[in-house]
Asks: 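Take a look at the following structure, please.
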Amino acid sequence: MQHNNNFLSLVEEYRPLVKEVDIYQVKNKLDTQEKFTLIDVREDHEWQQGHIPTAIHLSRGIIERDIEKVLPNKLTPIILYCGGGFRSVLSAYNLQKMGYTNVYSMDGGVRDWQNAGYQMTLA
């Protein structure tokens, strides 16, 4: 998908302010059963087309509204992902502003996950 310049500028403004992990780190955490919550912030139709196993779905449009109901402990390790690692940066920034201290954005998103041949599951 081609993103507009203002959106990319916004993402690049916040990217240095959030922690990021790559797909290999996330895969390793899943394989070693490390305790963390994996959240897919993509839209409903994207989630339904396939998502990373064990992920929960809180789309970018509702995550700030619903996160405290789903994960009230603000120390919970959280990894967010989207299609390419842009929306997850914005969501991670917002969760940090809400007091979540252990939030990461998965760089490369589902695009890189699938390109690496890693498993996806249907909703």
Asks: How far apart are the C-alpha atoms of Arg42 and Val110, what are their side-chain angles, what is the distance that settles it, and do they pass the side-chain contact (heavy atoms from CB on, under 4.5 Å) test?
Replies: CA-CA 10 Å; Arg42 297 175 302 152; Val110 167; 3.9 Å; yes
Asks: Does the side chain of Asp107 reach to within under 4.5 Å of the side chain of Arg15, using non-hydrogen atoms?
Replies: yes
Asks: From Ile56 CD1 over to Ile39 CD1, what is the distance, rounded to the nearest 0.5 angstrom?
Replies: 4.5 Å
Asks: Should Lys74 and Glu68 be marked as a salt bridge (charged side-chain N to carboxylate O under 4.0 Å, His left out) after you check the CA-CA gap, both sets of side-chain angles, and the distance that decides it?
Replies: CA-CA 8 Å; Lys74 294 187 177 183; Glu68 291 177 310; 3.1 Å; yes
Asks: Which heavy atom in Leu80 sits nearest to a heavy atom in Ile78, and how many Å separate them?
Replies: CD2-CG2, 3.6 Å
Asks: If you round to the nearest 0.5 Å, how far is CG of Leu95 from CG of Leu58?
Replies: 9.0 Å
Asks: Of all the heavy-atom pairs spanning Ile79 and Val21, show the shortest one and how long it is.
Replies: CG2-CG2, 4.0 Å
Asks: Grab the two heavy atoms, one from Lys69 and one from Pro72, that are nearest each other, plus how far apart they are.
Replies: O-CD, 4.1 Å
Asks: Is Leu38 reachable from Met120 through a run of I, L, V, M, F, W or Y residues, each pair having side-chain heavy atoms under 4.5 Å apart?
Replies: yes
Asks: Rounded to the nearest 0.5 Å, how far does OG1 of Thr37 lie from OH of Tyr100?
Replies: 10.0 Å
Asks: Mind checking the CE-CD1 spacing from Met98 to Ile67? Nearest 0.5 Å is all I need.
Replies: 7.5 Å
Asks: Among pairs that include at least one residue of residues 79-90, which meet side chain to side chain donor-acceptor pair (under 3.5 Å), considering only residues two or more places apart or in two chains?
Replies: Asp40-Tyr81, Glu46-Arg87, Ser88-Ser105
Asks: For residues 9-40, which residue pairs qualify under ring pair (Phe, Tyr, Trp, His ring centres under 6.0 Å), counting only residues two or more places apart or in two chains?
Replies: Tyr14-Tyr93
Asks: Identify the two heavy atoms, one from Glu43 and one from Ser59, that lie closest to each other, and give their separation to 0.1 Å.
Replies: CA-CB, 4.3 Å
Asks: Treating Ile, Leu, Val, Met, Phe, Trp and Tyr as nodes and any side-chain heavy-atom pair under 4.5 angstrom as an edge, say whether Ile52 and Tyr104 lie in one connected cluster.
Replies: yes
Asks: Between Gln96 and Leu17, is there a donor-acceptor pair closer than 3.5 Å when you use the side chain of the first and the backbone of the second?
Replies: yes
Asks: Please determine whether the number of non-hydrogen atoms from other residues, nucleotides or ligands lying under 6.0 Å from atom CG of Asn115 exceeds 12.
Replies: yes
Asks: If only atom types and distance count, is the side chain of His57 paired as donor or acceptor with the main-chain N or O of Gln48 below 3.5 Å?
Replies: no
Asks: Within the 4.5 Å heavy-atom criterion, are Val26 and Leu30 side-chain neighbours or not?
Replies: yes
Asks: Taking Trp113 for its side chain and Gln119 for its backbone only, find out whether a donor-acceptor pair lies under 3.5 Å.
Replies: yes
Asks: Applying the side chain to side chain contact (heavy atoms under 4.5 Å, CB included) criterion to Val41, which one of Ile63, Val89, Leu90 satisfies it?
Replies: Ile63
Asks: Nearest 0.5 Å, please: how far is CD in Glu64 from CG in Asp66?
Replies: 9.5 Å
Asks: Determine the minimum heavy-atom distance between Lys35 and Pro77, stating which atoms define it.
Replies: O-CG, 3.7 Å
Asks: Locate the shortest heavy-atom distance separating Lys19 from Asn102; write the atom from each residue and the value.
Replies: NZ-CA, 4.0 Å
